[in-house]
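Below is one structure; the comments refer to it alone.
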Amino acid sequence: MIQQQMYSSIWIPPKTYDLAEWLIRSFNIQPGYGLARYLGVSRRYNNYRAVQVWVLEQQRNWPAEKRTTGNLRREFSLLLPIEQY
């Protein structure tokens, strides 16, 4: 139970939050659930939180030279299902 609480309370830095908001608006992501499974994050996250966590993971794992908004947008679009959320 403690692990679940820690996992669900991930702090999203302001820059990450802004990038996630940009993706949410760019792709017209709707409120609700279901997107997390396409992004490879915990399915208990709603669509907005799933995007935030996905962006955070990309920032942590991508090499510095790949950390551009263009790469982020492109990689995100490749993960989306045909019917967008």
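Keep in mind it's a predicted model, so treat the numbers as computed, not measured.
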task: Give every residue pair that meets the ring-ring contact (aromatic ring centres under 6.0 Å, His included) criterion with at least one member in residues 60-81, sequence neighbours excluded.
output: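 Every pair satisfying ring-ring contact (aromatic ring centres under 6.0 Å, His included) with a residue in residues 60-81: Phe27-Phe76, Trp54-Phe76.
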field: side chain to side chain contact (heavy atoms under 4.5 Å, CB included) partners of Ala50, counting only residues at least two apart
entry: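 Per chain and number, Ala50 pairs via side chain to side chain contact (heavy atoms under 4.5 Å, CB included) with Ala36, Leu39, Val41, Tyr45.
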field: Listed partners of Thr68 passing side chain to side chain contact (heavy atoms under 4.5 Å, CB included), at least two apart
entry: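 Side chain to side chain contact (heavy atoms under 4.5 Å, CB included) check on Thr68 returns Asn71.
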message: Quick check: closest heavy atoms across Leu35 and Pro81, and the distance to 0.1 Å?
response: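 Leu35 and Pro81 have their closest heavy atoms at CD1-CD, 4.3 Å.
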Test ring-ring contact (aromatic ring centres under 6.0 Å, His included) applied to Tyr48 - qualifying residues, sequence neighbours left out: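 With neighbours one apart ignored, the set is empty.
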- prompt: Does any non-hydrogen side-chain atom of Gln52 lie less than 4.5 Å from one of Leu56?
  reply: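 The answer is no, as the side chains (C-beta and beyond) never meet within the 4.5 Å cut-off.
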- request: Kindly state each residue pair satisfying salt bridge (charged side-chain N to carboxylate O under 4.0 Å, His left out) with at least one member in residues 59-73, sequence neighbours excluded.
  value: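 Pairs touching residues 59-73 that pass the test: none.
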task: For Asn47 and Gln30, indicate whether the former's side chain and the latter's backbone hold a donor-acceptor pair under 3.5 Å.
output: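 Side chain of Asn47 to backbone of Gln30, a donor-acceptor pair under 3.5 Å: yes, one is there.
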First locate atom [atom1] of [X], then atom [atom2] of [Y], and finally report the distance between them rounded to the nearest 0.5 Å.
X: Gln58; Y: Leu19; atom1: CD; atom2: CG; value: 11.5 Å
X: Leu23; Y: Asn28; atom1: CG; atom2: CG; value: 13.0 Å
X: Leu80; Y: Ile29; atom1: CG; atom2: CD1; value: 5.5 Å
X: Tyr33; Y: Asn46; atom1: OH; atom2: CG; value: 5.0 Å

message: Taking side-chain hydrogen bond (donor to acceptor under 3.5 Å, both in side chains) as the cut-off, I'd like each qualifying pair that reaches into residues 10-21, sequence neighbours left out, listed once.
response: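 Applying side-chain hydrogen bond (donor to acceptor under 3.5 Å, both in side chains) to every pair that reaches into residues 10-21, excluding sequence neighbours, yields Thr16-Gln59.
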